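For clarity, every value in this text was computed on a predicted model and none was experimentally measured. Position 1 is the first residue of the sequence, and the numbers go up from there.
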Amino acid sequence: MIETFTKQFLSTTLSLLLLIATTPFEAGAQQSGQQEPAGSSGQGAPLSADELQQLVAPIALYPDALVAQILGAATFPDQVASASGWLQQNKNLTGTALTQAVDTQTWDPSVKALTQFPSVLDNLAKNLSWTSALGEAYHTQAADAMTAVQVLRAKAKAAGNLKSGSQITVVQQSPQVIVIQPTNPQVVYVPQYNPTIVYGTSYVTPGYSAATVAATGLLAFGVGIAVGAAISNNNCCGWGYSYWNCNWHGGAVVYRSNAYYGNTAWRGGYYGSSATAYGPNGAARVGSAYNPSTGTYARGASTVTPYGSQKVGQAYNPNTGAYAATHQASNAYGSYGSSVVSKNGQTAYTQHQTTAQGSVGTVQTSAGGKGVAASGVHGSGAAAQTANGNKYAAANGNVYKNTGGGWQQTRGGSSNYSAASRGWGQQEASSRSSAFNSGGGGWQSRSASARGSASGGRRR
């Protein structure tokens, strides 16, 4: 088992490296949009009213400002996954410390705002296929998507399942508009409900699954989220809860008093271009790309200085829900990096470092698996724990399993394990047929994806 873990770990890391290393960075970076899109992206027929209602059913009964944040963030599904992973790694941050740390990130304001609601962000990240479809629907059919929310609110209210209480205040602003606000403006409660029951009509949302909820039409609420710190701390974070709302009459999200349509590069924008800057201390490149044949979005940046080089990148395929991000660096002392891969609700985080003394790498999965592998002048070794709790260790070609009462050798010799542990480069061939190719239902390799960026800087 341990050699399989090691091979998969090395292959995953190299696949992410290939994402950055095999193709120049292309296109302009994704932009936040506060101007209305010119029209549909041309990626198929507009969704029907019923299809839009199915898409928005899981969030239609949320407070208005939270609906606005979700619709905006859904047009940045790659950033949603990145932010969710970042929150998992920074659980110790709360309150003002959290908002200040988030403010330094490069995410869109809508994504930053959702870091105040970890359960909501986590749900979007675990359902990336739905999140992507929701974002596309809002970006290309903003008014229709907003109308779908109001239709569902009216149905829930007519069924007797949407009422004012200590958590939310429900106001019938006009015959066609129902507004939902926190009863206490300083505390926001996220409703939990069953979309197949609460509206009086069963709605099944494609590509969406959530934690089990009661089989009743009643709204439930978790712990309230205090948003007062972000509201008052204007010097830090101009993306907090109070800056968002919904213009139900104009059919758009409102951010800082302006209509907000999210990612202007969504399903269109630039196919490819690049920007490079040179100076006395080195060079820097930045860009992003979209491959219409595979539906893959990618962006990245690199710097080269006399002290070393760094490369970062992200890629996302809304058709498969696959996402990856990587940060790689090297200097005179060696190389190091970290990566994250997510697909079908499963996420893996990896780190590695190579110096003159040897190499070490670690991996941790959202399912509970984890492991470490190392090689150096004194030999090689690895240890891993699977998601079901089985523990393995390997050293110098021998593999052991923890039986609970000790370690039992399960394999001897070095023919398989040592082949995987000799070095990172040994896995290059296998990495080319990893989750990034189209045959496995994942992504194509970046070398194939680069063809999409070769078509120039065409806008919709």
Side-chain angles (χ1 to χ4, degrees), residues 58-132 134-135 167-168 180 182 184-193 208-213 219-233 236-244 255 314 316 321 323 325 340-342 345-349 364-368:
I59 65 166
L61 304 186
Y62 287 9
D64 288 11
L66 188 53
V67 170
Q69 293 169 8
I70 292 172
L71 291 177
T75 68
F76 295 89
D78 58 333
Q79 295 185 25
V80 165
S82 177
S84 179
W86 184 90
L87 272 187
Q88 290 293 321
Q89 296 175 345
N90 293 275
K91 293 181 179 180
N92 59 311
L93 295 177
T94 58
T96 301
L98 173 62
T99 57
Q100 289 177 341
V102 169
D103 198 50
T104 65
Q105 303 299 314
T106 58
W107 308 319
D108 183 74
S110 59
V111 178
K112 290 182 178 181
L114 286 181
T115 59
Q116 292 183 275
F117 304 93
S119 64
V120 175
L121 187 61
D122 181 64
N123 195 38
L124 291 173
K126 287 181 177 177
N127 294 278
L128 282 177
S129 178
W130 164 71
T131 300
S132 175
L134 181 65
Q167 293 89 7
I168 60 173
I180 302 177
N184 178 353
Q186 301 292 312
V187 181
V188 179
Y189 290 87
V190 180
Q192 300 170 4
Y193 56 88
Y208 178 85
S209 62
T212 303
V213 293
L219 297 186
F221 298 90
V223 177
I225 305 296
V227 295
I231 290 175
S232 60
N233 195 3
C236 162
C237 313
W239 39 261
Y241 186 84
S242 64
Y243 291 96
W244 297 87
Y255 171 56
Q314 293 177 321
Y316 173 66
Y323 165 80
V340 58
V341 182
S342 179
Q346 300 295 317
T347 304
Y349 306 92
Q364 182 174 355
T365 72
S366 58

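Considering every non-hydrogen atom in both Pro63 and Val188, the closest pair reads CG-CG1, 4.3 Å. Nearest heavy atoms, Val111 versus Ala73: CG2-CB, 4.0 Å. Minimum interatomic distance between Trp244 and Pro109 (heavy atoms only, all atoms of both residues): CZ2-C, 3.7 Å. Closest of all the heavy-atom pairs between Asn127 and Ser209 is OD1-N, 2.8 Å. Residues Asp122 and Gln88 come closest through the heavy atom pair OD1-NE2, 4.2 Å. For the pair Gly72 and Ser110, the tightest heavy-atom approach, listed with the atom from each and the gap, is C-OG, 3.3 Å.
Here the side chains of Thr99 and Trp239 are in contact, with some heavy-atom distance below 4.5 Å. Counting heavy atoms from C-beta on, the side chains of Ser82 and Trp107 come closer than 4.5 Å. At a threshold of 4.5 Å between non-hydrogen side-chain atoms, the residues Trp130 and Pro58 count as touching.
At least one donor-acceptor pair closer than 3.5 Å links the side chain of Thr104 to the backbone N or O of Ala101. Not a single donor-acceptor pair under 3.5 Å links the side chain of Ser132 to the backbone N or O of Ser129. With hydrogens and angles ignored, the 3.5 Å screen pairs a side-chain donor or acceptor of Asn90 with a backbone N or O of Trp86.
Note: Leu124 CG to Ser119 OG = 9.5 Å, rounded to the nearest 0.5 Å. Note: Tyr62 OH to Leu219 CG = 10.5 Å, rounded to the nearest 0.5 Å. Taking NZ from Lys126 and CG from Asn123, the interatomic distance works out to 8.0 Å, rounded to the nearest 0.5 Å. Interatomic distance, Ile59 CD1 to Leu71 CG, rounded to the nearest 0.5 Å: 4.5 Å. How far CD1 of Ile168 is from CD1 of Ile180: 5.5 Å, rounded to the nearest 0.5 Å. Remark: Ser342 OG to Tyr349 OH distance equals 7.5 Å, nearest 0.5 Å.
Applying the side chain to side chain contact (heavy atoms under 4.5 Å, CB included) test between Val80 and each of Ile70, Thr75, Leu121 identifies Leu121 as the sole match.
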(message) Is there a side chain to side chain contact (heavy atoms under 4.5 Å, CB included) between Val102 and Leu93? Walk through the geometry before answering.
(response) CA-CA 10 Å; Val102 169; Leu93 295 177; over 6 Å; no
(request) Please assess Lys112 against Asp103 for the test side chain to side chain contact (heavy atoms under 4.5 Å, CB included), listing each intermediate value before the final yes or no. (result) CA-CA 7 Å; Lys112 290 182 178 181; Asp103 198 50; 4.2 Å; yes
(request) Evaluate the side chain to side chain contact (heavy atoms under 4.5 Å, CB included) criterion for residues Gln69 and Leu66: first the C-alpha distance (whole Å), next the side-chain angles of each, then the deciding distance (0.1 Å), finally the verdict. (result) CA-CA 5 Å; Gln69 293 169 8; Leu66 188 53; 3.7 Å; yes
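Ring geometry, Phe117 versus Tyr241: the interplanar angle falls from 30° to 60°, so the pair is classed tilted.
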